[in-house]
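Notes to accompany the following structure.
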Amino acid sequence: MTRDLTISEVRLTPILVADPPLLNTQGVHQPYTPRLIVEVVTADGTTGLGETYGDTKYLELARPFAEKAVGRRVDELNSLLLLADEVAVDSSRVADAVDVGGLRGVQTADKLRLSVASAFEVACLDALGKALGRPVHALLGGKVRDTVEYSAYLFYKWAAHPEGVTAETDDWGAALDPAGIVAQARRFKEVYGFTSFKLKGGVFPPAEEIAAVRALAEAFPGHPLRLDPNGAWSVETSLRVAGELADVLEYLEDPTLGTPAMAEVAARTHVPLATNMCVTTFAEIPEAFTRGAVQVVLSDHHYWGGLFNTRQLAAICRTFGVGVSMHSNTHLGISLAAMTHVASTVPHLHHACDSHYPWQSEDVLTERLAFQDGRVAVSDRPGLGVELDRDRLDLLHRRWLADDGALRDRDDAAAMRVAEPGWAVPVMPRW
Ligand code: GKR
Ligand code: MG
């Protein structure tokens, strides 16, 4: 039977997802974080799923993009990505003061467009895979591994969101010192089987974060450890931390801001540097790679523009002898499935990928994806291999509708001000 793969409808559903009070250098996670679920429906009734950032500026782009996508075919992925160029970006949105781009590098109109286009690309691949009866990894050339390894993503955190704030509760407790971080890591290991650990730093003065990593090294000898302060340190501080932790770090992630500063650190330490902040677009690659500023690029299929672009990034990294792995931000199972499919197709993936997923108690799927021995099994079912739970989606969408706008744009500094009224995003380098 010939299938009609023409996109006849696109459904965009913004949602708010519960998020625990995780700390980073800009503030704390809001109690609910915005995500956007994209459903692409073909003329023959096949639905594909995609997910991306849900803040207003992404939503504003997704609407015209959806209109342009209708009438295209789900197997026209290259021209679909070009559609993104036709969607006008309000320039005031690019350097939005409340943007957490401060945690994800440069904000450009292109990056915004790609972050939206990627959700459409994933949704089209899901629909195409379902129509052809093939898993997404097969559409990308086929998997080279049956499971993808993830790293435990450790955060300093409060036991609860500030009093008076409407929020879901979590049972992780507070983690504000080395003992708390080790306890969190133990739980990650026991429940999910993770064997490598990344600590989100830039929250406390470097000496305290060094002590936390030392405590992890003692509790989990030989396990790969990473520390990521999101550029909160000066070059000298970065070098001091690298020197003190050189024997236990797999890599240091974005210790300092910008390619020149990263290059200076890289030139003066043997500790590899990873990034999801100074190399976040193809345009940033030449300078960073020729200056030897980074040894591992943490790809993110959302802002790199999809799964095919992620594979292109991986090929460029291989050419330059730079490692590749994956960055994460608060996300749900659709994105975890997409990350797992593309990661399964990259031969030289030598570092466990990041994922926030264990922190998300809510999802829009009928079945949560599971980590076993720190790994997610690569699905061989058609498409992404996940199924939408429409009731869950509706519930989280109703939460978004009920919000007065306060939470529709992620703003970690504003969330922090609820507890500390004088809080402002720290001037970098913070230490
Ligand atoms: O979730 O707080 C967070 C992280 O800090 C996130 O926003 C970063 O983009 O995980 C990211 C990272 O590795 O830098
Ligand atoms: Mg990072």
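Every number for a ligand or one of its atoms is a count from 1 in the order of the listing. Every value quoted in this text rests on a predicted model; they were computed, and no experiment measured them.
At under 3.5 Å, not a single nitrogen or oxygen of Asp412, backbone or side chain, sits near a nitrogen or oxygen of ligand 1. When only interatomic distances are considered, the shortest N/O to N/O separation between Phe155 and ligand 1 does not fall below 3.5 Å. The shortest N/O to N/O separation between Arg104 and ligand 1 does not fall below 3.5 Å.
Using a 4.0 Å cut-off to heavy atoms of Tyr153, the atoms of ligand 1 that qualify are 4 (C), 10 (O), 11 (C), 12 (C), 13 (O). Proximity to Glu253 (heavy-atom distance under 4.0 Å) selects the following atoms of ligand 1: 12 (C), 13 (O). Atom numbering of ligand 1 starts at 1 in the shown order; those under 4.0 Å from a heavy atom of Lys198 are 12 (C), 13 (O). Taking a cut-off of under 4.0 Å to the non-hydrogen atoms of Ser328, the atoms of ligand 1 that pass are 10 (O), 11 (C). Ligand 1 places these atoms under 4.0 Å from at least one heavy atom of His29: 1 (O), 2 (O), 3 (C). Those atoms of ligand 1 with a heavy atom of Lys200 less than 4.0 angstrom away are 4 (C), 5 (O), 8 (C), 10 (O), 11 (C), 12 (C), 13 (O), 14 (O).
Asp19 and Gln360 share a side-chain donor-acceptor pair at under 3.5 Å.
Using a 30° and 60° split on the angle between ring planes, Phe65 and Phe120 fall in the tilted class, from 30° to 60°. Ring pair Trp400/His397 is parallel by interplanar angle, where below 30° counts as parallel and above 60° as perpendicular.
Of the heavy atoms in Met326, none comes closer than 4.0 Å to ligand 1. With a heavy-atom cut-off of 4.0 Å, Leu103 touches ligand 1 through backbone and side chain alike. Contact annotation: for Asp228 versus ligand 1, heavy atoms closer than 4.0 Å belong to the side chain alone.
Tally of protein N, O or S atoms closer to the Mg ion (ligand 2) than 2.8 Å: 3.
When all heavy atoms are compared, the tightest approach of His29 to Thr330 is CE1-OG1, 3.6 Å.
Listed for the Thr147 side chain is no donor-acceptor partner under 3.5 Å among the backbone atoms of Ala377.
Taking the ring centroids of Trp359 and Phe188, they lie under the 6.0 Å cut-off. Ring centroids of Phe197 and Phe220 are separated by less than 6.0 Å, placing the two rings close together. Aromatic pair Phe194/His223: ring centres not closer than 6.0 Å.
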Only pairs under 3.5 Å count here: list side-chain donor-acceptor contacts from residues 205-214, not counting sequence neighbours, and write none if there are none.
unit_1, atom_1, unit_2, atom_2, d
Glu209, OE1, Gly202, N, 2.8
Glu209, OE2, Gly202, N, 3.0
Glu209, OE2, Val203, N, 2.7
Glu209, OE2, Phe204, N, 2.8
Arg214, NH1, Asp247, OD2, 3.3
Arg214, NH2, Glu244, O, 2.7
Arg214, NH2, Asp247, OD1, 2.6
Arg214, NH2, Asp247, OD2, 3.4

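Not a single heavy atom of Gln26 sits under 4.0 Å from any atom of ligand 1. Taking 4.0 Å as the cut-off, Asn230 counts as a neighbour of ligand 1 on heavy-atom distance. Contact analysis puts Arg410 in contact with ligand 1, with a non-hydrogen atom separation below 4.0 angstrom. Contact analysis leaves Met277 out of contact with ligand 1, as no non-hydrogen atom separation drops below 4.0 angstrom.
Both tests pass for Arg35 against the ring of Tyr53: distance under 6.0 Å to the centre and angle within 45° of the axis.
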task = Before giving the answer on side chain to side chain contact (heavy atoms under 4.5 Å, CB included), spell out for Asp55 and Tyr58 the whole-Å C-alpha distance, their side-chain angles and the decisive distance to 0.1 Å.
result = CA-CA 6 Å; Asp55 309 57; Tyr58 297 97; 3.7 Å; yes
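Here the options are Met339, His341, Glu121, His327, the test is side-chain contact (heavy atoms from CB on, under 4.5 Å), and the partner is His301; only Met339 passes.
The nearest non-hydrogen atom to atom 6 (C) of ligand 1, considering only Asp354, Asn329, Asp19, comes from Asn329.
When side chains are defined from C-beta on, Glu236 does not count as touching Arg240, because their heavy atoms never get closer than 4.5 Å.
Heavy atoms of other residues, nucleotides or ligands lying less than 6.0 angstrom from CD of Glu218 number 12 at most.
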